[in-house]
2 protein chains.
Amino acid sequence: MVQFVHPSRDDITLEGVLAALSDPMRLRIVKSMVGQPGCMSCTEAAPCPDMAKSTLSNHFRILREAGLIRTEKKGVEHRNVVRQDDMEARFPGLLKTILGFCDDPRRSNG
Amino acid sequence: MVQFVHPSRDDITLEGVLAALSDPMRLRIVKSMVGQPGCMSCTEAAPCPDMAKSTLSNHFRILREAGLIRTEKKGVEHRNVVRQDDMEARFPGLLKTILGFCDDPRRSNG
DNA sequence: TCAATGGTTCCATATTTATGAACTATTGAA
DNA sequence: TTCAATAGTTCATAAATATGGAACCATTGA
């Protein structure tokens, strides 16, 4: 049984967030998720279809442990959402500022 | 003869900046430099005195190549400044937003 | 010319990251 | 039940990156 561990809001660190977003792939994953109304499966949120499953899984784990996303098991899929409220409470404006400077991956090749 | 290569303003990338700032040591280096009126030597800007010279040198190289700082040789020292104007022009508000969330290293143990 | 200072570069080691293969959990069909 | 398909995770290993000691370079001052 896979259980996902998410840090509580106050345990989210600036360095963790920056490290998580310093990878181009993870930055694009978060960007694509923020632009989406609901939650997304790992495969849906992946901006790069030819990436190894294990690598993708690892990226989601890093985003999760940094506190950027929340993952819940729903059927056979894992549904992911960006923790925008927690991020805004912890680091007001940070996520919006950063994401505002990177291109939306679904606009270019969606 | 050591020559420092700095990226031009337009070549500064978001991912490069985030990667450079995702390291706790480099984040503190930049933070301590921004709070300073003039420029600082590598040793002065180092928030951690027991760090190996080679490691420190590597951190400054990464910050330089990311476009966050400018390094000039002045006598026996290397003088470093944060490229605040270039950063502001390229990614308005980003640096101030990020640095606003990390503690000033010289206030706690300066 | 020599010693001291402030870094850089090189190299070996340690840590981190990426990926294929094997595995787990859920769904749906027979 | 059982079987196949789907969606991810975990493990082991290969590749990339960070660390730090040693040697080195450039400048200053005696």
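Atoms considered below: every heavy atom in the structure, side chains included; atoms not considered: hydrogens, waters and symmetry mates. Every chain is numbered from 1, with letters handed out A, B, ... down the list of sequences.
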- Query: Once you round it to whole Å, what is the distance between P of C:dT8 and NZ of B:K73?
  - Reply: 8 Å
- Note on the structure: DNA chain D nearest-nucleotide lookup for B:K74 and B:I62: closer to the 5′ end is B:I62
- Item | Pair of N/O donor and acceptor under 3.5 Å linking C:dG6 base with B:T43 side chain | no
- Message: Categorize A:R64 for me: base, sugar-phosphate, or nothing, with a 4.0 angstrom heavy-atom threshold over every strand shown.
- Response: sugar-phosphate
- Task: Just compare C:dT8, D:dT9, C:dT19 and give me whichever is closest to any side-chain atom of B:F4.
- Result: C:dT8
- If we only count heavy atoms from C-beta on, is the B:V82 to B:L95 side-chain gap below 4.5 Å? yes
- Message: Quick check: on DNA chain C, is the nucleotide nearest A:M51 upstream (toward 5') of the one nearest B:S41, or the reverse? Name the residue that is more 5'.
- Response: B:S41
- Task: Kindly give the heavy-atom pair with the smallest separation between A:P7 and A:E65, and that separation in Å.
- Result: CG-O, 3.6 Å
- Task: May I have the distance from A:R79 (atom CZ) to D:dG8 (atom P), rounded to whole angstrom?
- Result: 9 Å
- Item | Integer-rounded Å distance: C:dG6 P and B:E72 CD | 19 Å
- Under 4.0 Å between a side-chain N/O of B:S57 and OP1 or OP2 of C:dT8, yes or no? yes
- Item | Whole-Å distance separating the CG atom of B:L63 from the P atom of C:dG7 | 14 Å
- Comparing nearest nucleotides in DNA chain D, the 5'-proximal residue of the pair B:V76, B:T55 is B:T55
- Task: Among A:R79, A:R61, A:H78, A:R64, find the one that has a side-chain hydrogen bond (donor to acceptor under 3.5 Å, both in side chains) with A:T71.
- Result: A:R64
- Query: When you check the phosphate oxygens OP1 and OP2 of D:dT9, does a side-chain N or O of A:H78 lie under 4.0 Å from one of them?
  - Reply: yes
- From A:I12, A:I29, A:L21, residue fulfilling side-chain contact (heavy atoms from CB on, under 4.5 Å) relative to A:L68: A:L21
- Query: Please give, in whole Å, the distance from C:dT26 C1' to A:E77 CD?
  - Reply: 11 Å
- Quick one: is D:dT19 close enough that its OP1 or OP2 comes under 4.0 Å of any side-chain N or O from B:H59? yes
- Message: Would you say that more than 12 heavy atoms from the other residues, nucleotides or ligands in this model lie under 6.0 Å from the CD of B:E88, or not?
- Response: yes
- Task: Grab the CZ-C1' distance between A:R26 and C:dA18 for me, whole Å please.
- Result: 12 Å
- Rounded distance in Å - NZ (B:K53) to C1' (D:dA23): 10 Å
- Rounded to the Å, how far apart are A:N58 CG and C:dA18 P? 7 Å
- Can you find a side chain N or O atom of A:S54 that sits less than 4.0 Å from OP1 or OP2 on D:dT10? no
